[in-house]
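Only one structure is covered here, and it is reproduced in the block below.
What you see below is based on every heavy atom in this structure, not just the backbone, and it leaves out hydrogens, waters and symmetry mates. Just so you know, ligand 1 is whichever comes first in the structure, and atom 1 is the first atom listed for that ligand.
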Amino acid sequence: MASKLGLRLAPAACGLSTGAPIASRRTLSSLASSRSSALLPRPRLTLPRSKLQQSFRRTYADGPAPEATLSPAAKPKKRFRFLRWMWRITYLSVIASAGYVGYQIWYLRNPAEQFEPDPKKKTIVILGTGWGAVSLLKKLDTENYNVVVVSPRNFFLFTPLLPSCTVGTIEHRSIMEPIRNILRHKKATVKFFEAEATKIDYEKKIVYAKDDSEIKGDKMDAEIPFDMLVVGVGAENATFGIPGVREHSCFLKEVGDAQQIRKKVMDCIETAVFKDQTDDEVKRLLHMVVVGGGPTGVEFAGELQDFFQEDLRKWVPQIQENFHVTLVEALPNVLPMFSKQLIDYTESSFKEEHIDIRTKTMVKNVTEKYIEAESTLPDGTKKTERIPYGLLVWATGNALRPVVKDLMSQIPAQKNSRRGLEVNEYLVVNGTENIWAVGDCAIANYAPTAQVAAQEGAFLARLFNTMAKTDAIEDDLKALSEKQSKAKADERNQILAEINERQKQLRRTKQVGPFQYSHQGSLAYIGAEKAVADVSWFSGNIASGGTMTYLFWKSAYLSMCFSTRNRVLVCLDWMKAKFFGRDVSRE
Ligand code: FAD
Ligand code: NAD
């Protein structure tokens, strides 16, 4: 019956065109109503639609070229084909991704043999293993130099996901990349000393370093000579000399800080539910105060409130009434670097999440159990109050490291600089010839962000690679000139041609423009699976906030993670937190 229908309604017979399925359907129905019973018995055409389609599908499945027939069956067939292709694409993508991840893992675990660079080559000393330094190391051709890295931290830390470590959404090791892994994958060997640079003698070209780790060998101090020096030591936490900050608060810059916060949150909770605790003490212990409404403070406050909403209140229901997060900010609003609508969005979202924002409130003093803050009231008058806290997290931005301050004091051109090492457009520290600075310790009129530090590091790698090539070409030119002066007349023309070629190469190589920062946008997580983003788009800017932005935030940071290993671990942590919840044990 089906085949009969198929035959009778074939395009040739009915005069239908394969390219017009809608017209075909119309013709089919008009055909059904107007055809005389002599051609086709009426009841056959009034078959229930689904049956008709089924019959067609069967016919086509076994039949010849699909183009040969045009009928109501075209639609289901296309859908079927589409699904088949989707399935093929999906499994090919899965196989390709698995292959890529597999290759990356194999590559990470099997570094190639390295060679020792020529000791006659220049020595570059790089201070730090943060965003600036690692981005430089990643792209630097290490065979051109003797590279020495000095840092008290033998790993790179992906700071954007550090706030997630404070509550256990992500485990800290997932966002750490051992510096040994990074250096072992360079073509030529790179020396690494786990030590803190205590002084840079700019005249003598020596870095003094000290091993400050727990285990000490016979030798704890070292003098490291350099031809070129890159300072990428970042910044330390700003306290503005406010009494009690260092003694009583937690910072959020390093892995140790995140671990300490995680422990203290749980300590406050377990202490608050201790037998016969007074009401006031319970309230104090469960009051989590964050000072600084920049992105660090906002992201941490959001993560902490998530922890409470999604896990803590479930496992320790006694704390429900009193657990409270307050964000204290001296300026009239939080997130000053974001656009106005995103600031408003963040503030209203915090209100919904029950996070208190205290703007125009400047903390002046910190004691063991409370902070003293001065707030400006709407009429302009000032009010000082004591705010009790159980946990205090201090996130008020950056300050200079002592080694940077000391270097600045040696260079007259840096006399008037207050915020860091002033650099020129090639990131050379003003007043020096062989010292460069990247990241938070350098002042190049950009915000102290990972984005800036990474681009500066990559720029220096390009610059140094070019300098090495230039040196090599210049050496060649010198040798060729000498050869030419001693050569016989018939050889001279050939050498001259070679010299011309090298000079052309030199001109091409020397063309490295000054550093130009390209701002990709700002992103911040604000809790409750929402994020805000100010993203650069052509010459403009797109501001967005909400759950879709949160997904964008997640995918952006996942793609920026240092290695495939980090990416896989972060994904697993996210899944673990989603399925099992965060771990509420205190280590
Ligand atoms: P760092 O990355 O801080 O690295 C400094 C390095 O120097 C470290 O390895 C340190 O151990 C080493 N060092 C310190 N002292 C010495 C010494 N005396 N001798 C030798 N080495 C030393 N930016 C963004 O763009 N996007 C974000 O989402 C973002 N999120 C952040 C979240 C948090 C919680 C924090 C704290 C910062 C965030 N930032 C973000 C800012 C970003 O992390 C910094 O701007 C960036 O780390 C600066 O890079 P850097 O290389 O200058 O310094
Ligand atoms: P920040 O400098 O951005 O903000 C610190 C805030 O603390 C300021 O708003 C300041 O007014 C406030 N403050 C200072 N002293 C105070 C006091 N005594 N009482 C109350 N408030 C006080 O600092 P941050 O958030 O640590 O960020 C540091 C750098 O890292 C910034 O450049 C930031 O852009 C970058 N960062 C970026 C991201 C991101 O893009 N998601 C995340 C974290 C950090």
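- The side chain to side chain donor-acceptor pair (under 3.5 Å) test with S164 is passed by exactly one of E299, E303, R582: E303.
- When only modelled atom types and interatomic distance are considered, Y517 and Q451 share a side-chain donor-acceptor pair under 3.5 Å.
- Counted within 6.0 Å of CD on E247, heavy atoms from surrounding residues, nucleotides or ligands total more than 12; the atom is thus considered enclosed.
- For the pair I224/V150, a side-chain contact is recorded, criterion being any heavy-atom separation below 4.5 Å from C-beta on.
- For ligand 2, the protein residues placed under 4.0 Å by at least one non-hydrogen atom are F240, I242, V291, G292, G293, G294, P295, T296, E299, V328, E329, A330, L331, M337, T361, M362, V363, A395, T396, G397, P448, T449, L523, Y557.
- Contact atoms of ligand 1 toward G234: 5 (C), 52 (O), 53 (O) (distance under 4.0 Å to a heavy atom of the residue).
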Audit row: R565, E177, salt bridge (charged side-chain N to carboxylate O under 4.0 Å, His left out) steps and yes/no: CA-CA 9 Å; R565 177 183 149 274; E177 184 67 23; 3.0 Å; yes
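- Below 3.5 Å of separation, one finds no N or O of F155 facing any N or O of ligand 1.
- For ligand 1, the atoms lying closer than 4.0 Å to a non-hydrogen atom of R401 are 14 (C), 15 (N).
- For the atom pair CG (L136) and CD1 (I124), the distance works out to 7.0 Å, reported to the nearest 0.5 Å.
- Each of the atoms 52 (O) of ligand 1 lies under 4.0 Å from some heavy atom of G439.
- For a threshold of 3.5 Å applied to N or O pairs, the pair formed by E299 and ligand 1 contains no separation below that value.
- Note: no N/O pair closer than 3.5 Å links A453 and ligand 1 by distance alone.
- In this structure, the side chains of Y446 and H519 stay at 4.5 Å or more apart for every pair of heavy atoms.
- Within the 6.0 Å centre-distance limit, the rings of Y550 and Y525 are counted as a close aromatic pair.
- If you look at V150 next to ligand 1, the close heavy atoms, those under 4.0 Å, all belong to the backbone.
- Residue contact check: E196 has heavy atoms under 4.0 Å from atoms 17 (C), 18 (N), 19 (N) of ligand 1.
- Residue nearest to atom 42 (C) of ligand 1, selected from A209, A450, A447, A197: A450 (by heavy-atom distance).
- Distances from atom 6 (C) of ligand 1 to the heavy atoms of P163, G232, S151 show the closest one on G232.
- Side chain to side chain, T547 and E529 fail the donor-acceptor criterion of an N or O pair below 3.5 Å.
- Short contacts between ligand 1 and P160, defined as distances under 4.0 Å to a heavy atom of the residue, involve ligand atoms 27 (C), 28 (O), 29 (C), 30 (N).
- Aromatic rings of W436 and Y426 (six-membered ring for Trp) have centroids beyond the 6.0 Å cut-off, not under it.
- For ligand 1, the polar-atom distance check against D440 finds a nitrogen or oxygen pair separated by under 3.5 Å.
- The shortest N or O to N or O distance between T129 and ligand 1 is below 3.5 Å.
- For atom 2 (O) of ligand 1, the choice among Y446, W131, W553, F193 with the nearest heavy atom turns out to be W131.
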Residues E372, K364; criterion salt bridge (charged side-chain N to carboxylate O under 4.0 Å, His left out); working and verdict: CA-CA 6 Å; E372 280 177 334; K364 299 261 174 151; over 6 Å; no
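- Residue F156 places every heavy atom at 4.0 Å or more from ligand 1.
- Close approach of ligand 1 to Y557 is summarised as follows: ligand atoms under 4.0 Å from at least one heavy atom of the residue are 26 (N), 27 (C), 28 (O).
- For the residue pair N465/K139, the side-chain donor-acceptor check at 3.5 Å is not satisfied.
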